[in-house]
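Since the structure is predicted, the reported quantities are computational estimates derived from the model, not experimental observations.
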Amino acid sequence: MNSKNEQDSSSEEIFCKLAIIGSGPAGYSAAIYAARAQLAPVLVDGMQPGGQLTITTEVENFPGFPEGIEGPVLMHRCREQAARFGTRFIESEITKVDFSDSPFGLQTSRKEIIRASSVIIATGAQARFLGLPSERALMGRGVSACATCDGFFFKNVPVAIVGGGDTAMEEALFLTRFASKVTVIHRRDALRASRILQERAKQNPKIEFAWSSTVQEILGDPASGVTGVRLSNVKTGDLSDLECQGVFIAIGHEPSTKIFKGQIDLRDDGYVRIAEPGTTKTNVPGVFVAGDAADSRYRQAITAAGSGCAAALDAQHYLEEIGSL
């Protein structure tokens, strides 16, 4: 990013008290609270406005919707609520940040320069997927990356889970509460999960294992949903079909935090490091974080929304302390 004295004269400059990077439950919740506090926040949508819930069909565990609500509808309502109180939305991505001095500098993909007295990072994390066309086509139609979110929809039917680490075993065990059978598909012949989780999974009568196998294709169609997976044995190359009505991908998540490297403290796994436990503060005063960009444990819409509220309150207190309100 050009310095304050060297910026491209063709770039539009936007000044604000608070900039929110990213949407989704964390970003929208932060915007609602900040806007109601008369902070006039500027929210930059990011690459996927609304976050991961926009690829979720039915959300049944968000309070206030006893009959459930579609993920995109929930996010649209959150956006409308934030707009109602005066949030300004910029439909773009942040490509570069400068947290070395206040006001902080943010550059968008449309070349706007945002100068903000405080910033909330709400860029989230993306589940790692297999990269199959059939996986993309059946996302939300039997393919999921969150057993906690979607396991309830697979009562008394067989499901498969791909992965061999702690997350995969935790989700496999969780899915046994609903599914008739859970098949763990792992490309190796031994799990990477901790010993205690391995033992729990192996001792559970509902869990079976497809060892040394990779998913070549997810079977089914968007109308009827998933009907099975086609497996390839990595040792023999043999193909086989496994019948199931749900496929859960549990091969890890990647936080969307690369643009912040060198600007704030990140953990070894890329998640933003919380500087003061019990707050949303980063190591840079005036920069806060909400949602899955810092949360590698819960990764739920409701916890993201709660942290968005907290980040907005922390930002408000910070702006009061520096006399910017």
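For residues 188-235, the pairs satisfying ring pair (Phe, Tyr, Trp, His ring centres under 6.0 Å) are F209-W211, with sequence neighbours left out.
No side-chain heavy atom of V42 sits less than 4.5 Å from a side-chain heavy atom of L18. In this structure, K111 and T95 have side chains that are not in contact, with every pair of non-hydrogen atoms separated by 4.5 Å or more. Side-chain contact between I207 and T176 is present, with heavy atoms from C-beta onward closer than 4.5 Å. A 4.5 Å side-chain heavy-atom check between T282 and I274 finds every atom pair outside the cut-off. No side-chain heavy atom of T183 sits under 4.5 Å from any side-chain heavy atom of I161. The shortest side-chain heavy-atom distance between M169 and V184 falls under the 4.5 Å cut-off. Side-chain contact between L191 and H186 is present, with heavy atoms from C-beta onward closer than 4.5 Å. Annotation: side chain of K206 is not in contact with side chain of L175 (no heavy-atom distance under 4.5 Å).
Side-chain N or O atoms of S307 include one that pairs as donor or acceptor with a backbone N or O of A304 at under 3.5 Å. No donor-acceptor pair under 3.5 Å is formed between the side chain of N233 and the backbone N or O of G237. Of the possible donor and acceptor atoms, none in the side chain of S29 sits under 3.5 Å from a partner among the backbone N and O of G308. In this structure a side-chain-to-backbone donor-acceptor pair under 3.5 Å is missing from E321 to L319. Remark: side-chain polar atoms of S144 are not paired, donor with acceptor, to backbone N or O of C149 under 3.5 angstrom. For the pair T108 (side chain) and E112 (backbone), a donor-acceptor distance under 3.5 Å is present. Remark: side-chain polar atoms of Q198 are paired, donor with acceptor, to backbone N or O of A193 under 3.5 angstrom. When atom types are taken as modelled, the side chain of E135 and the backbone of L130 share a donor-acceptor pair closer than 3.5 angstrom. Within the 3.5 Å criterion, the main-chain N or O of G270 finds a donor-acceptor partner in the side chain of T257. Looking only at distances, no side-chain donor or acceptor of D166 sits under 3.5 Å from a matching main-chain atom of L197.
Using modelled atom types and a 3.5 Å distance limit, the side chains of H76 and E80 yield a donor-acceptor pair. Judged purely by distance below 3.5 Å, without hydrogens or angles, the side chains of S109 and S92 pair a donor atom with an acceptor atom. A donor-acceptor contact closer than 3.5 angstrom links the side chains of Q216 and T214.
Within a 6.0 Å sphere centred on OH of Y33, other residues, nucleotides and ligands contribute 12 heavy atoms or fewer. Within 6.0 Å of CD on E60 lie more than 12 heavy atoms contributed by other residues, nucleotides or ligands. More than 12 non-hydrogen atoms from other residues, nucleotides or ligands lie less than 6.0 angstrom from CZ of R110. Around atom CD of E320, more than 12 heavy atoms belonging to other residues, nucleotides or ligands sit under 6.0 Å away.
Under the 4.5 Å side-chain heavy-atom criterion for grouping Ile, Leu, Val, Met, Phe, Trp and Tyr, V272 is not connected to L313 through any hydrophobic cluster. By the criterion of side-chain heavy atoms lying less than 4.5 angstrom apart, applied directly or through intervening Ile, Leu, Val, Met, Phe, Trp or Tyr residues, I120 is grouped together with L325 in one hydrophobic cluster. By the rule that hydrophobic residues join a cluster once side-chain heavy atoms approach within less than 4.5 Å of another member, L219 and V159 end up as members of separate clusters. When hydrophobic clusters are built by joining Ile, Leu, Val, Met, Phe, Trp and Tyr residues whose side-chain heavy atoms come closer than 4.5 Å, directly or via intermediates, I32 is not grouped with V59. Two different hydrophobic clusters hold I302 and Y298 under the rule that ILVMFWY side chains link at heavy-atom gaps under 4.5 Å.
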| field | Candidate pair D221 and R141, rule salt bridge (Lys or Arg N to Asp or Glu O under 4.0 Å), full reasoning | value | CA-CA 8 Å; D221 60 73; R141 297 292 186 269; over 6 Å; no
| said: side chain to side chain contact (heavy atoms under 4.5 Å, CB included) for R136 and F129? Distances and angles first, verdict last. | reply: CA-CA 9 Å; R136 192 179 307 110; F129 289 100; over 6 Å; no
| task | Start with the C-alpha gap between V284 and V119, add the side-chain angles, then the distance that decides, and say whether side chain to side chain contact (heavy atoms under 4.5 Å, CB included) holds. | result | CA-CA 10 Å; V284 177; V119 173; over 6 Å; no
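Under the 4.0 Å criterion applied to side-chain N and carboxylate O atoms, R230 and D241 are assigned as salt-bridge partners.
Expressed to the nearest 0.5 Å, how far CD1 of I114 lies from CD of E12 amounts to 9.0 Å. Expressed to the nearest 0.5 Å, how far OG1 of T148 lies from CD of E171 amounts to 5.5 Å. Separation of atoms CG (D269) and OG (S296) is listed at 5.5 Å; rounding is to 0.5 Å. Once rounded to the nearest 0.5 Å, the distance linking NZ of K17 with CD of Q38 reads 8.5 Å. For the atom pair CZ (F248) and SG (C146), the distance works out to 8.5 Å, reported to the nearest 0.5 Å. Remark: L106 CG to I94 CD1 distance equals 4.5 Å, nearest 0.5 Å.
Note: F178 and F153 fail the aromatic proximity criterion, with ring centroids not under 6.0 Å apart.
By the 30° and 60° cut-offs, the orientation of the rings of F260 relative to F99 is parallel.
When all heavy atoms of R128 and I251 are compared, the closest pair comes out as O-CG1, 3.3 Å. Residue G27 comes nearest to L43 through the heavy atom pair O-CD1, 3.5 Å, listed as atom of the first residue, atom of the second, then distance. I20 and A122 get closest at one heavy-atom pair: CG2-CB, 4.5 Å. When all heavy atoms are compared, the tightest approach of S118 to A315 is OG-CB, 4.2 Å. In plain terms, the two heavy atoms of L231 and A210 that are nearest each other are CD1-CB, 4.0 Å. Here the closest non-hydrogen pair linking L132 and V215 is CD1-O, 3.7 Å.
Relative to the ring axis of F89, R79 places its NZ or CZ within 45° and under 6.0 Å from the centre. The cationic group of R115 does not satisfy the cation-pi geometry with F15, failing either the under 6.0 Å distance to the six-membered ring centre or the 45° limit from the ring axis.
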